[in-house]
Protein chains: 2
Amino acid sequence: MARKSGSHSEITGPRIRTEARRLFARHGFAAVSMRQIAAAVGLQAGALYLYTPDKESLLFDLLKGHMDELLAAWAEVPAAASPPEQLEAFVRFHIRFNLERAEAVFLSYMELRNLGPDNFAAIEALRRAYENELESILRAGQAEGCFALPDTKLATLAIIAMLTGVNTWFREGGRFSRAAVEQIYWDMVRKAVAA
Amino acid sequence: MARKSGSHSEITGPRIRTEARRLFARHGFAAVSMRQIAAAVGLQAGALYLYTPDKESLLFDLLKGHMDELLAAWAEVPAAASPPEQLEAFVRFHIRFNLERAEAVFLSYMELRNLGPDNFAAIEALRRAYENELESILRAGQAEGCFALPDTKLATLAIIAMLTGVNTWFREGGRFSRAAVEQIYWDMVRKAVAA
DNA sequence: TTTGATACTGAACGATCGTTCAGATAAGCT
DNA sequence: AGCTTATCTGAACGATCGTTCAGTATCAAA
């Protein structure tokens, strides 16, 4: 046996990333073997090394890709006029985007410790860049007097933790629609930061 | 070589759990070998099996012990009179207790997937019991009209996620003392649930 | 001082790990 | 049809995994 009929790297590459993301999210990076990923795609383990130099690089590509897309998607959200409107846009965006990519979100803060120092620093920098987007909104609102926060950095982390927590319990077809969840969380955030 | 001088199970047992907790929290359950744990304690791997039937049971004991102590510690907090006072007590307790046991907290929601179905269900039940403590406070406040929440279960999960998020950034000797963090988070929670 | 219970070593078991690579087949261009 | 390039297999490498166990040294009681 050798090359399979209908095989193309533009198809196999994404499938490897999809299956790796699914398996890493479900069982954890360290608990998933290259052979499991290969089997999920329908390959032998050796074939994976045509697409990634090693296992950690495969994880890093998933995390890097997710963070890049997160920042790019937020950059495309039209800028609102006032800090409260900007904050509402951020809250709704964060919940919506994270629910659409639950596996990648899960990975991006559960499996960071499996990266080497350089890769770790790269993902951390992107995460901080995203946090800074929220913090600059809070600082602007603070300066205008429409928010009352003892510390904007701390409020940033508190809000993001609360919003990301949605991923741990939300299930499609449950008691709340995504739109309803957005509204409820926005109400809580709005009140929490209010002057 | 065989039994070591000064060896006692009442000493070795806790040391194994302490080192296992530390290593599991730092590198993840699947990434830590029994030999690493044994080496941290100063033993050979085989000796661990005098203290645990297998690796998963060692993890389960850590998680079970943590959840039991969490519920016991909350039960000892004197009950406040009104729902807002009860909520303040809960917020301060949660932050304080979780900061004191950062490793165990980390484990208790990162390594749940490494448990078999029965062990998983046991820990989940304890976690739900703890969540119910908070939710009953929110329901009481809702009934009395001092809280305004679209859904108490959802608010419960949002608040716990926000509070537990402290563990991801708090460092001893940083810009805020534990007492200051308690105060700031309590202010945000108070405003978020206010009628 | 003898003796049985307790605590641990050191070697070994089969299984599985990430990774490499020579060889084989399919795809796509000429 | 022939040739090159792209894609994958299957076997193998040494390392490490969780776990077992016969043997041995210490402890504690008699």
Side-chain angles (χ1 to χ4, degrees), chain A residues 1-24 26-63 107 111 113-116 118-119, chain B residues 1-24 26-63 107 111 113-116 118-119:
Chain A
M1 314 283 177
R3 181 170 188 172
K4 304 173 131 177
S5 86
S7 62
H8 289 285
S9 62
E10 315 97 67
I11 295 175
T12 303
R15 285 193 58 204
I16 289 173
R17 283 188 285 277
T18 297
E19 295 298 332
R21 180 166 39 237
R22 190 177 60 81
L23 288 167
F24 288 163
R26 185 167 304 181
H27 306 291
F29 174 77
V32 173
S33 69
M34 295 299 268
R35 285 172 178 82
Q36 285 176 57
I37 298 169
V41 181
L43 296 174
Q44 297 300 315
L48 297 180
Y49 291 86
L50 294 173
Y51 298 89
T52 184
D54 50 48
K55 194 186 178 191
E56 184 193 323
S57 297
L58 178 52
L59 175 63
F60 176 73
D61 284 347
L62 293 174
L63 302 191
L107 281 186
E111 305 295 355
R113 58 185 170 191
N114 292 297
L115 297 178
D118 290 353
N119 285 342
Chain B
M1 314 282 178
R3 180 169 189 173
K4 304 175 135 177
S5 86
S7 62
H8 289 284
S9 61
E10 315 97 66
I11 295 176
T12 303
R15 286 193 58 203
I16 289 174
R17 282 187 286 276
T18 297
E19 295 299 331
R21 179 166 40 236
R22 189 178 60 83
L23 289 167
F24 288 163
R26 185 167 303 180
H27 306 292
F29 174 77
V32 173
S33 69
M34 295 298 268
R35 286 173 177 83
Q36 285 177 57
I37 298 170
V41 180
L43 296 174
Q44 297 300 315
L48 298 180
Y49 291 86
L50 295 172
Y51 297 89
T52 185
D54 50 48
K55 195 186 178 191
E56 184 193 323
S57 296
L58 178 53
L59 174 63
F60 177 72
D61 285 347
L62 293 175
L63 301 191
L107 280 187
E111 306 295 354
R113 57 186 170 191
N114 292 297
L115 297 177
D118 290 354
N119 284 342

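Letters go in sequence order (proteins before strands), and every chain restarts at 1. Everything quoted here is computed from the prediction, not taken from an experiment.
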Q: Please check this pair: side chain of E19(A) against backbone of A38(A), looking for a donor-acceptor N/O pair closer than 3.5 Å.
A: no
Q: Can you confirm whether L43(A) sits close enough to I37(A) that some side-chain heavy atom of one is under 4.5 Å from a side-chain heavy atom of the other?
A: no
Q: Tell me the interatomic distance from N114(B), atom CG, to dG18(D), atom P, rounded to whole angstroms.
A: 12 Å
Q: For S9(B), which residues count as a side-chain contact (heavy atoms from CB on, under 4.5 Å) partner, sequence neighbours excluded?
A: Y51(B)
Q: Roughly how many Å is it from CD in Q44(B) to P in dA11(C), rounded to a whole number?
A: 9 Å
Q: Going by the rule side-chain contact (heavy atoms from CB on, under 4.5 Å), which residues pair with Q44(B) if we only count those two or more places apart in sequence or in a different chain?
A: none
Q: Using the side chain to side chain donor-acceptor pair (under 3.5 Å) criterion, which residues pair with S57(B)? Sequence neighbours excluded.
A: D54(B)
Q: Looking only at non-hydrogen atoms, find the nearest pair between L48(A) and M34(A) and report the distance.
A: CD1-O, 3.2 Å
Q: Which residues pass the side-chain contact (heavy atoms from CB on, under 4.5 Å) test with R26(A), not counting sequence neighbours?
A: R22(A)
Q: Any side-chain N or O of K4(A) below 4.0 angstrom from OP1/OP2 of dT25(C)?
A: no
Q: How many whole angstroms separate atom CD of E56(A) from atom P of dC17(C)?
A: 19 Å
Q: Short question: side chain of K4(A), backbone of G42(A) - any donor-acceptor pair under 3.5 Å?
A: yes
Q: Using the side chain to side chain donor-acceptor pair (under 3.5 Å) criterion, which residues pair with S7(A)? Sequence neighbours excluded.
A: R3(A)
Q: Run the side-chain contact (heavy atoms from CB on, under 4.5 Å) test against S33(A) and tell me which residues pass, sequence neighbours left out.
A: R35(A), Q36(A)
Q: Give the angle between the helix axes at the two ends of the helix from dT1(C)-dA30(D) to dT30(C)-dA1(D), taking five base pairs at each end and rounding to 10°.
A: 10°
Q: So if I take residues 48-55 of chain B and measure heavy-atom distances to DNA chain D, which residues fall below 4.0 Å?
A: Y49(B), D54(B), K55(B)
Q: Separation of I16(B) atom CD1 from dA7(C) atom C1', in whole Å?
A: 11 Å
Q: Does any part of the side chain of R113(B), heavy atoms only, come nearer than 4.5 Å to the side chain of F29(B), both counted from C-beta?
A: no
Q: Please enumerate all residues that pass salt bridge (Lys or Arg N to Asp or Glu O under 4.0 Å) together with R15(A), with sequence neighbours excluded.
A: none
Q: Please identify each residue that fulfils side chain to side chain donor-acceptor pair (under 3.5 Å) with N114(A), with sequence neighbours left out.
A: E111(A)
Q: Residues of residues 5-14 of chain B with any non-hydrogen atom less than 4.0 angstrom from an atom of DNA chain D: list those, numerically ordered, please.
A: S5(B), G6(B), H8(B)
Q: Roughly how many Å is it from CZ in R3(B) to C1' in dC8(C), rounded to a whole number?
A: 9 Å
Q: Check DNA chain D against residues 30-43 of chain A and give the residues with a non-hydrogen atom under 4.0 Å, in numerical order.
A: R35(A), G42(A), L43(A)
